[in-house]
Number of protein chains: 2
Amino acid sequence: MTDSTVVPLQALKVSCSNCTLRELCLPLGLNREEMTRLDAVIRQSRRLKRGEALFRSGEGFKSLYAVRTGFFKTCISSQDGREQVTGFHMSGELMGLDGISANVHGCNAVALEDSEVCELPFSRMQNLALEIPSLQHHFYRLMSREIVRDHNVMMLLGNMKAEERLAAFLINLSQRLTVRGFASNDFILRMSREEIGSFLGLKLETVSRTLSKFQQQGWIAVDHKHIQLVQPEQLKQLVAGCANAHPTPNH
Amino acid sequence: MTDSTVVPLQALKVSCSNCTLRELCLPLGLNREEMTRLDAVIRQSRRLKRGEALFRSGEGFKSLYAVRTGFFKTCISSQDGREQVTGFHMSGELMGLDGISANVHGCNAVALEDSEVCELPFSRMQNLALEIPSLQHHFYRLMSREIVRDHNVMMLLGNMKAEERLAAFLINLSQRLTVRGFASNDFILRMSREEIGSFLGLKLETVSRTLSKFQQQGWIAVDHKHIQLVQPEQLKQLVAGCANAHPTPNH
DNA sequence: CGCGTGATTGAGGGGATTCAAATGTTGTGG
DNA sequence: CCACAACATTTGAATCCCCTCAATCACGCG
């Protein structure tokens with residue numbers, strides 16, 4: 001049970017300076033003064049319930065959003081209704097970068113659990129970036145990182161088998177949880193089998209079967225959405241061959 | 001036979017102001033004075049022969065490159081040698097954006113025919129962007145456009161069948177040729193069947209078979225690398241259903 | 001408690017791959 | 001300029017991986 005109504009809105013005013021995600025998110029590399037100026041641009045956070053859309057494809061683009069807490073998917077859909085999940089997003093990650101190009105959001109962003117985001121009005125961000133070179137630079141890097149990530153997804157979709165895709169998916173989740181200080185070998189999936197499948201270019205039955213296969217081999221333990229990586233080395237080994245030969249170092 | 005040695009290097013000094021690709025490339029939206037300042041940053045163009053690499057994954061990142069003439073592929077490879085073509089690039093298109101994130105190139109860029117590129121030293125670009133807001137903005141838009149493109153490729157790789165992928169590929173090529181003033185229904189493929197397959201997540205045999213199928217149906221005429229779109233409407237119809245429901249408007 | 005949604009598992013089918021051979025093309029050196 | 005080698009493409013046949021269709025099961029929620 002959430003109790004957001006009890007908290008006065010002022011309390012939701014966020015500041016990068018105090019944020020635990022400082023080292024993951026946009027403010028990385030800024031000094032105190034610069035961060036204070038960034039604080040002034042960031043709107044108070046917005047709360048979303050599970051299933052709620054943060055923005056939808058085709059809507060006017062005004063802001064980027066950083067995940068504070070919770071979990072999101074972004075997806076695009078075709079005219080005949082096929083859906084492609086383009087990413088899953090956890091705390092500290094930016095959404096909406098694809099909206100800059102045409103000033104219109106290019107995907108749907110949907111909360112997969114009750115979540116909270118920081119809103120970054122893009123035009124103000126842009127102006128600030130003109131005055132703070134390291135912000136401009138970091139922002140270029142964030143966009144570039146998204147491009148690198150997308151290219152790795154292309155490799156996954158274009159060259160990898162079902163088992164490799166799923167192993168890569170689990171290892172990737174695990175690593176991102178580690179960075180955020182969560183247990184990396186014991187977690188709850190926020191998305192359905194169908195959403196995993198949509199991201200990985202597989203059908204939900206194939207996802208389910210492959211998870212079962214991993215479990216039979218003793219590599220993982222599956223209890224519905226609760227996943228434990230029992231032998232993560234085995235998964236890593238499965239992914240080793242098909243992983244990018246020149247992985248992008250982080251920072 | 002190329003005769004680049006006959007041309008003095010000075011003659012290769014390029015300028016955005018006079019460039020026919022002005023409206024497609026980086027300078028879009030700049031005024032005369034701003035464009036002159038951009039000219040000062042852009043290094044003289046570099047010529048590459050067919051098969052030559054412009055840069056390679058892992059090399060230090062210093063510059064972006066804009067295609068002046070010719071045709072490129074960019075690709076990443078996995079540790080066990082699988083290759084994923086991440087894109088094909090023609091005149092006016094930028095390469096190297098994925099290198100910004102880690103200051104290291106994230107892919108190989110290889111000329112598929114004798115080509116010429118403009119070099120854009122990134123740090124100087126960055127400084128200029130601080131002084132010319134519209135340049136900064138346009139650059140964000142270019143990076144965002146790359147992200148949108150990548151998401152559409154994910155849709156292609158994740159949801160489309162072989163025929164749909166190839167039709168989408170041909171229509172996309174055709175449209176990009178149109179914008180550049182080339183014949184849009186009669187062109188020479190610069191890449192091999194294998195490279196097309198690598199981009200589309202298919203094997204070269206499947207590409208070949210599918211082209212033959214299109215030809216049998218009278219939709220295209222295939223003579224090795226020479227392709228004619230006889231009934232492009234048929235191809236478009238095949239792609240219509242699986243196309244992005246909210247296509248990004250250009251500019 | 002019963003319903004609906006999501007997940008699992010099985011059987012069968014199909015689209016793309018793999019293996020293979022033949023043909024055509026391009027580039028090189030004599 | 002031709003001959004030859006190396007490479008690219010086409011096409012066929014057989015296989016396999018994943019998908020489709022379907023039934024069952026488990027859980028959560030009113």
Side-chain angles (χ1 to χ4, degrees), chain A residues 1 49-51 73 81-85 110 112-114 156-170 188-217 220-227 238 242, chain B residues 1-2 49-52 73 80-85 110 112-114 156-169 188-217 220-227 238 242:
Chain A
M1 178 167 112
K49 280 184 258 177
R50 191 162 94 90
K73 70 168 176 181
R82 303 179 223 181
E83 181 174 292
Q84 176 69 39
V85 170
V110 178
L112 297 181
E113 60 177 330
D114 293 357
L156 182 144
L157 292 171
N159 275 302
M160 289 163 65
K161 302 207 169 297
E163 293 190 11
E164 296 170 331
R165 296 184 197 190
L166 203 55
F169 170 73
L170 292 172
I188 307 290
L189 294 177
R190 259 52 237 220
M191 69 297 280
S192 69
R193 301 289 190 266
E194 187 169 17
E195 287 162 334
I196 297 174
S198 172
F199 181 60
L200 298 179
L202 302 170
K203 293 294 154 183
L204 67 96
E205 296 95 327
T206 305
V207 173
S208 181
R209 263 184 261 271
T210 308
L211 285 174
S212 299
K213 201 179 292 179
F214 286 167
Q215 180 165 235
Q216 275 183 341
Q217 288 171 300
I220 69 176
V222 183
D223 177 28
H224 303 101
K225 305 219 155 183
H226 180 197
I227 303 282
L238 188 56
C242 44
Chain B
M1 173 167 123
T2 60
K49 280 183 258 176
R50 193 162 92 91
E52 204 179 337
K73 70 169 177 181
D80 59 8
R82 302 178 226 182
E83 181 174 292
Q84 176 68 38
V85 171
V110 179
L112 297 183
E113 59 177 333
D114 293 358
L156 182 144
L157 292 171
N159 275 302
M160 289 162 66
K161 302 207 171 297
E163 292 190 11
E164 296 171 330
R165 295 185 198 190
L166 202 56
F169 171 73
I188 306 291
L189 293 176
R190 259 53 237 220
M191 70 295 278
S192 68
R193 301 288 190 265
E194 187 168 17
E195 286 161 334
I196 297 174
S198 172
F199 180 59
L200 298 178
L202 301 170
K203 294 293 156 186
L204 69 96
E205 295 95 330
T206 306
V207 173
S208 179
R209 264 185 261 272
T210 307
L211 285 175
S212 300
K213 202 179 293 177
F214 285 166
Q215 180 165 234
Q216 275 183 340
Q217 289 171 301
I220 68 175
V222 183
D223 176 29
H224 305 100
K225 307 222 156 184
H226 179 197
I227 303 283
L238 189 57
C242 45

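Letters go in sequence order (proteins before strands), and every chain restarts at 1.
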Tell me the interatomic distance from [X], atom [atom1], to [N], atom [atom2], rounded to whole angstroms.
{"X": "A/Arg193", "N": "C/dT5", "atom1": "CZ", "atom2": "C1'", "result": "14 Å"}
{"X": "A/Arg209", "N": "C/dA7", "atom1": "CZ", "atom2": "C1'", "result": "11 Å"}
{"X": "B/Leu157", "N": "C/dA16", "atom1": "CG", "atom2": "C1'", "result": "14 Å"}
{"X": "B/Glu205", "N": "C/dA21", "atom1": "CD", "atom2": "P", "result": "14 Å"}
{"X": "A/Lys203", "N": "C/dA7", "atom1": "NZ", "atom2": "P", "result": "15 Å"}
{"X": "B/Leu200", "N": "C/dT17", "atom1": "CG", "atom2": "P", "result": "10 Å"}
{"X": "A/Lys225", "N": "C/dG6", "atom1": "NZ", "atom2": "C1'", "result": "8 Å"}
{"X": "B/Arg165", "N": "C/dA16", "atom1": "CZ", "atom2": "C1'", "result": "10 Å"}

In Å, rounded to the nearest 0.5 Å, how long is the span from [atom1] of [X] to [atom2] of [Y]?
{"X": "B/Leu211", "Y": "B/Leu189", "atom1": "CG", "atom2": "CG", "value": "7.5 Å"}
{"X": "B/Glu113", "Y": "B/Lys49", "atom1": "CD", "atom2": "NZ", "value": "15.0 Å"}
{"X": "B/Arg193", "Y": "B/Glu205", "atom1": "CZ", "atom2": "CD", "value": "12.0 Å"}
{"X": "A/Leu238", "Y": "A/Lys161", "atom1": "CG", "atom2": "NZ", "value": "11.5 Å"}
{"X": "A/Leu200", "Y": "A/Thr206", "atom1": "CG", "atom2": "OG1", "value": "10.5 Å"}
{"X": "A/Glu163", "Y": "A/Arg209", "atom1": "CD", "atom2": "CZ", "value": "13.0 Å"}

Counting the atoms with a prime plus P, OP1 and OP2 as sugar-phosphate, which does [X] contact under 4.0 Å by heavy atoms, base, sugar-phosphate, or nothing?
{"X": "B/Gly51", "value": "nothing"}
{"X": "B/Arg50", "value": "sugar-phosphate"}
{"X": "B/Ser192", "value": "sugar-phosphate"}
{"X": "A/Gly201", "value": "sugar-phosphate"}

For the side chain of A/Leu204, starting at C-beta, report the closest nucleotide among C/dA16, C/dA11, C/dT8.
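Nearest to the side chain of A/Leu204 among the choices is C/dT8.
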
Does the side chain of A/Phe169 reach to within under 4.5 Å of the side chain of A/Val207, using non-hydrogen atoms?
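A/Phe169 vs A/Val207: side chains apart.
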
Without swapping roles, check the side chain of [X] against the backbone of [Y] for a donor-acceptor pair under 3.5 Å.
{"X": "A/Arg165", "Y": "A/Leu157", "answer": "yes"}
{"X": "A/Ser212", "Y": "A/Ser208", "answer": "yes"}
{"X": "B/Gln84", "Y": "B/Ser198", "answer": "yes"}

Rounding to 10 degrees, work out the angle separating the end axes of the helix from C/dC1-D/dG30 to C/dG30-D/dC1 (five pairs an end).
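Overall, the helix from C/dC1-D/dG30 to C/dG30-D/dC1 bends by 40° from one end axis to the other.
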
Run the side chain to side chain contact (heavy atoms under 4.5 Å, CB included) check on B/Arg190 and B/Glu195 step by step: do they pass?
CA-CA 10 Å; B/Arg190 259 53 237 220; B/Glu195 286 161 334; over 6 Å; no

Just checking A/Glu194: does its CD atom have more than 12 heavy atoms from other residues, nucleotides or ligands closer to it than 6.0 angstrom?
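At most 12 heavy atoms, drawn from other residues, nucleotides or ligands, come within 6.0 Å of this atom.
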
Chain B footprint on DNA chain D, 5' to 3' - any atom under 4.0 Å from a heavy atom:
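In short, chain B contacts DNA chain D from D/dT9 to D/dA13.
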
Sub-4.0 Å heavy-atom contacts from residues 210-217 of chain B onto DNA chain C, ordered by number
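Under 4.0 Å from DNA chain C: no residue of residues 210-217 of chain B.
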
Phosphate OP1/OP2 of C/dT17: any B/Thr206 side-chain N/O under 4.0 Å
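So the side chain of B/Thr206 is within the cut-off, an N or O lying under 4.0 Å from OP1 or OP2 of C/dT17.
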
Starting from the 5' end of DNA chain C, give me the residue, A/His224 or A/Lys161, whose nearest nucleotide shows up first.
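Checking each residue's closest nucleotide, the 5'-ward one belongs to A/His224.
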
